[in-house]
Amino acid sequence: MRLSRFFLPVTKDVPSDAAIVSHQLMLRTGMIRQNGAGIYSWLPLGFKVLKKIEQIVREEMDRAGAIELLMPTLQQADLWRESGRYEAYGAEMLRITDRHDRDMLYGPTNEEMITDIFRQYVKSYKALPLNLYHQQWKFRDEVRPRFGVMRGREFLMKDAYSFDVSEEAARISYQKMFAAYLNTFDRLGVTAIPMQADPGPIGGDLSHEFLILADSGESAVFCDKAVLDVPPPGADFDFEDEAALKAEMEKRTRFYAATDEKHDEAAYAAVPEDSRIEARGIEVGHIFYFGTKYSEPMKADVQTPEGKLATIHGGSYGIGVSRLVGAIIEASHDENGIVWPASVAPFDAGIISMKPDAADVAAVADEAYAKLTAASKDPLYDETSDRAGAKFNRMDLIGLPWQITVGPRGVKEGKVELKHRASGEKSDVTLDEAIARITGA
RNA sequence: CGGAGCGUGGCGCAGCCUGGUAGCGCACCUGGUUUGGGACCAGGGGGUCGGAGGUUCGAAUCCUCUCGCUCCGACCA
């Protein structure tokens with residue numbers, strides 16, 4: 001993309017009502033535009049990041065055996081009356097009436113709707129286990145939205161729902177999601193720590209929140225730092241290996257990790273003193289097993305091999321996709337701006353043409369753009385007539401992993417300057433070397 | 001929902017107390033000089049001051065109502 005043709009409204013001034021750094025940076029880089037309390041437009045730069053996160057989440061869910069579909073944002077109230085949550089949910093649920101005076105709602109989550117779809121079609125244990133997910137906008141009418149996309153009212157969430165014939169089988173579905181989440185967050189370039197969460201009405205140990213450590217986090221967290229060093233399951237992890245699934249959970253849950261709500265001073269005291277971490281965290285995922293909470297009232301059951309009816313055991317698994325955009329920035333920025341993990345960066349590299357109206361400089365910069373594009377990379381080509389400082393600062397601000405600077409000085413020697421944003425390391429190399437570094441060739 | 005505050009060009013703000021027909025910085029447009037870490041000079045475009053009502057000869061400024069937004073707390077994926 002040529003910067004002069006892109007829509008990138010960066011600003012120097014920080015909007016006064018942005019309290020945390022990710023919100024400030026998202027506004028300054030023109031990623032989002034606020035349209036109302038907790039409601040945002042995703043401008044091109046922000047939308048690119050959102051789509052990248054969405055795609056990684058999709059790939060990891062698919063790898064774990066979940067199947068994608070798409071449910072609507074608007075739902076019928078009757079469905080929620082069946083589960084009893086229409087009354088129970090409270091003011092956070094945005095209730096709408098259509099022209100026929102029918103009660104509707106903007107979905108805050110989709111357990112009822114997915115259960116309705118499931119019971120409509122699935123009648124046999126043979127179809128299980130089944131895990132269906134979608135990535136769809138949700139609306140929760142928060143009392144006080146804040147921190148930009150970190151606590152918006154409208155937000156993009158990946159929510160998956162598992163269906164199993166028994167609690168034992170549901171446990172395996174749960175473990176698959178647990179492992180898939182670790183891989184997902186790893187690929188997103190962040191470390192998310194699983195923490196025992198409030199188990200809800202069913203009880204047991206099958207509820208975990210995944211938190212990214214960041215100073216602006218809304219939850220206080222206490223953990224054994226050893227949990228941070230456990231590697232993710234990895235790309236070649238076998239999701240059908242039940243022993244491995246169980247092991248992935250146990251590898252982490254044997255270390256202490258809890259939010260303030262579940263914090264146990266006595267258990268924490270047993271953690272070696274130099275291994276204790278007291279920090280703040282941002283919740284980016286939440287998984288839980290809820291048994292027959294929805295299948296019972298909504299009569300979602302299947303026939304067993306014995307020909308009997310069994311009420312299915314369910315679980316649901318959320319990832320805050322839009323929240324992650326802010327959370328990743330909270331976890332990865334410096335005084336000059338955002339430092340995107342390569343996997344979610346809006347562009348793979350920036351090309352700065354120091355003198356776009358000098359033919360020799362333009363030729364090399366054009367070549368850099370063509371070669372990166374040919375190598376299936378997505379570069380942002382700054383061929384504007386802005387001054388050098390403005391270009392450098394802007395490129396640092398938006399935080400692309402690599403910068404290639406093409407100027408008259410280097411061009412004479414057949415060199416360009418390659419800068420790695422995260423380390424700040426700069427080197428004068430030939431264009432082909434720079435391309436090779438960026439493409440990892 | 002309790003407490004506090006704010007709405008004035010795209011963004012950041014001043015003006016309001018002590019009414020007299022809107023100003024600064026950034027951004028934007030034009031010309032010139034510049035050009036390796038947010039240049040300078042000159043000229044220029046754009047706002048009727050969140051909305052409605054009222055007081056007044058006259059309202060961004062005073063009064064009433066209303067809408068919106070933010071912060072602290074409580075709550076919460």
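- The stretch residues 403-420 of chain A touches RNA chain B through A:Thr405, A:Gly407, A:Pro408, A:Arg409, A:Gly410, A:Glu417, A:Lys419, each having a heavy atom under 4.0 angstrom from the strand.
- A:Gly285 comes within 4.0 angstrom of no nucleic acid atom, judged by non-hydrogen atoms across all strands.
- In this view, A:Lys251 and A:Glu248 satisfy the side-chain hydrogen bond (donor to acceptor under 3.5 Å, both in side chains) rule, not counting sequence neighbours.
- Among the heavy atoms of the strands lying under 4.0 Å from A:Met354 is at least one base atom, whether or not backbone atoms are also near.
- Taking the side chain to side chain contact (heavy atoms under 4.5 Å, CB included) definition, one finds that A:Ala345 meets it with A:Trp340, A:Pro401, sequence neighbours left out.
- With sequence neighbours left out, the side-chain hydrogen bond (donor to acceptor under 3.5 Å, both in side chains) criterion links A:Arg28 to no other residue.
- With sequence neighbours excluded, the residues that form a ring-ring contact (aromatic ring centres under 6.0 Å, His included) with A:Phe163 are A:Phe118.
- Residues passing the side-chain hydrogen bond (donor to acceptor under 3.5 Å, both in side chains) test with A:Lys52: none are found, sequence neighbours excluded.
- Here A:Glu265 pairs with A:His263, A:Tyr268 under the side chain to side chain contact (heavy atoms under 4.5 Å, CB included) rule; sequence neighbours left out.
- A side-chain hydrogen bond (donor to acceptor under 3.5 Å, both in side chains) check over residues 219-234 of chain A, counting only residues at least two apart or in different chains, returns the pairs A:Asp224-A:Ser275.
- Legend: residues meeting ring-ring contact (aromatic ring centres under 6.0 Å, His included) with A:Tyr369, ordered by chain and number and at least two apart, are A:Tyr381.
- Within a heavy-atom distance below 4.0 Å of RNA chain B, no residue of residues 62-71 of chain A is found.
- Taking 4.0 Å as the cutoff to heavy atoms of chain A, we find the contact window on RNA chain B bounded by B:rC1 to B:rA77.
- By the ring-ring contact (aromatic ring centres under 6.0 Å, His included) test, A:Phe178 pairs with A:His208, A:Phe210, sequence neighbours left out.
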